[in-house]
Structure formats: C-alpha cells, structure tokens
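Notes to accompany the following structure.
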Amino acid sequence: MNGSSTFLPAGTPAPPFSLKAEVSERPVNLASTLGALLLVFHSYQTAPAVGEIIRAVRGQYPDPDHLLIAGVADMRPVPRLLRSTAKAFIKSAYNDASREVPAGQDPAKHIIILADWDGILYEAYRTPRTDRQVALVLVDQPKTIAGTYFGAQPAQAALSLLDNL
C-alpha cells in the first residue's frame, strides 16, 4: 500500500533513530519501542491530519505500549533564528492535543511530536515531501518496514496498514 516509489520497501529493516519528543521530552528510540510504531510524517501545512489519524487509530488500537504513534514534523524550512518560535507553536499544538487524551492517561505516551530539524528521519525513511499530504510508515515489532502510504486518505490507510500486521 504505497502511493509513492520513494519509500523504503516493505520488509526492509527500519533505520534506527533516537530522538526526544518535543514538549514532553520523552525519549523515542526505535530499538526500545516495544510494539509496532506508526510514523506520521507531516509538515506545518498537513499537521491537522495527524490528529485525525491518531483519533481513528486510537479508536481501534488504544494502547500506546502496543502501538506507538509518532508525528514526525518536517522542520527543515524553519530558519535557525525562528526555531524558538516554532517550538512555541509545537507546544501549543501539544497542549491542544493533550485535552483529547483519555482521563487518567499520560499525554506523553499519546502525543509524540518528533521535530525533524535537519531532515534526518525524512531522508533515512525516504519520505516524500509532506506539504500537501502526510506520509505514513508502519514499523512492525521486529523493526522492519511493514507498509507505507502517501495519499489523500491517511486515516483509513493507517487502519488498513495496521490490519495487515
């Protein structure tokens, strides 16, 4: 389920990474992720789709320990001088999203925003530009690419990718 030929092919070992999530500062390390990992690559323009994807997926897969969802924000267009301003926007988005986390659950487990300032994850996963549509990469428990998607229906595509796990 790949709308673009640029992604790493299914079955390929997922490129390792270790980043701190913005706001929560939760460390996200591919090697220590317990279950599957859904990476939602997006830009400022497509950021609203991330919430829709998370709501759709969490409706069927509520446990973040079995399925971690991380938004990977393309921050390459942001000049260094404006990074603190961009971080303030990220914090505001995090605070808005945290209101949707079920009572009694830790928002840091549900809202993971990885700021890709230098495009390291975009390049490693061969992700297309996301200024018009988000890109999805599903990494399974053995840490291989289980599937990818780039298109206009990301919430439905995420559920389809997960159904094939």
Side-chain angles (χ1 to χ4, degrees), residues 1-4 7-43 46-75 90-91 93-116 120-128 130 133-165:
M1 180 171 251
N2 184 349
S4 171
F7 288 109
L8 292 172
T12 303
F17 68 88
S18 183
L19 291 171
K20 269 193 183 169
E22 294 292 318
V23 185
S24 70
E25 296 191 6
R26 174 191 174 157
V28 179
N29 182 317
L30 179 66
S32 64
T33 301
L34 298 176
L37 170 66
L38 179 63
L39 296 171
V40 182
F41 290 86
H42 66 91
S43 65
T46 56
V50 179
E52 295 169 25
I53 294 164
I54 291 171
R55 281 188 290 278
V57 170
R58 286 293 174 229
Q60 292 187 28
Y61 302 90
D63 188 352
D65 290 331
H66 290 6
L67 172 65
L68 192 64
I69 304 170
V72 181
D74 186 0
M75 303 305 283
I90 292 170
K91 184 173 184 177
Y94 180 95
N95 290 336
D96 288 346
S98 68
R99 292 193 258 292
E100 293 189 40
V101 173
Q105 295 197 25
D106 182 2
K109 285 187 163 191
H110 289 273
I111 305 162
I112 299 166
I113 304 168
L114 303 176
D116 197 357
I120 293 167
L121 284 178
Y122 269 78
E123 291 171 19
Y125 284 84
R126 296 187 197 162
T127 307
T130 55
Q133 297 179 46
V134 299
L136 305 176
V137 176
L138 179 62
V139 178
D140 59 19
Q141 195 166 6
K143 310 301 180 247
T144 60
I145 306 293
T148 59
Y149 177 82
F150 183 71
Q153 303 295 323
Q156 294 93 332
L159 293 172
S160 294
L161 287 171
L162 290 162
D163 285 345
N164 294 328
L165 264 186

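These numbers were taken from a predicted model, which means no experiment stands behind them. We count residues from 1, following the sequence as given.
No side-chain heavy atom of Leu121 sits under 4.5 Å from any side-chain heavy atom of Thr127. Contact of the Arg58 side chain with the Ile69 side chain is registered, since non-hydrogen atoms from C-beta on lie closer than 4.5 Å.
Minimum interatomic distance between Asp116 and Val72 (heavy atoms only, all atoms of both residues): CB-CG1, 4.0 Å. Residues Ile53 and Pro154 share a closest heavy-atom pair of CD1-CB, 3.6 Å. Shown here for Ala124 and Pro15, the closest heavy-atom pair between the two residues is O-CG, 3.3 Å. Between Val139 and Ala14 the shortest heavy-atom distance is CG1-CB, 3.7 Å. In terms of heavy atoms, His110 sits closest to Pro62 at CE1-O, 3.8 Å. Summarising the geometry of Leu37 relative to Leu67, their closest heavy-atom pair is N-CD1, 4.2 Å, with the distance given to 0.1 Å.
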Query raised in the report: Which is it for Tyr125 and Ile145 under the side chain to side chain contact (heavy atoms under 4.5 Å, CB included) test, yes or no, and what are the steps along the way?
Result: CA-CA 9 Å; Tyr125 284 84; Ile145 306 293; 3.7 Å; yes
Requested in this report: Evaluate the criterion side chain to side chain contact (heavy atoms under 4.5 Å, CB included) for residue pair Gln60 and Leu162; output intermediate values, then yes/no.
Outcome: CA-CA 10 Å; Gln60 292 187 28; Leu162 290 162; over 6 Å; no
Query raised in the report: After noting the C-alpha distance and the side-chain angles of Met75 and Ile90, does the key distance pass the side chain to side chain contact (heavy atoms under 4.5 Å, CB included) rule?
Result: CA-CA 11 Å; Met75 303 305 283; Ile90 292 170; 3.9 Å; yes
**Report entry** Chi angles and distances behind the side chain to side chain contact (heavy atoms under 4.5 Å, CB included) call for Phe17, Ile120
**Finding:** CA-CA 9 Å; Phe17 68 88; Ile120 293 167; over 6 Å; no
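To the nearest 0.5 Å, atoms NZ (Lys109) and CG (Asp63) are separated by 7.5 Å. Note: Lys91 NZ to Ser24 OG = 12.0 Å, rounded to the nearest 0.5 Å. Considering CG of Leu38 and CG of Leu159, their distance stands at 9.5 Å, rounded to 0.5 Å. Distance check: Leu19 CG to Ile113 CD1 gives 13.0 Å after rounding to the nearest 0.5 Å. Distance check, rounded to the nearest 0.5 Å: CG of Leu114 to OG of Ser18 gives 10.0 Å. To the nearest 0.5 angstrom, Ser160 atom OG is 11.5 Å from Leu138 atom CG.
Ring-plane geometry between Tyr122 and Phe41 is classed as perpendicular, the angle between the planes exceeding 60 degrees on a 0 to 90 degree scale with a lower cut at 30.
The backbone N or O of Thr130 sits less than 3.5 Å from a side-chain atom of Ser43, completing a donor-acceptor pair.
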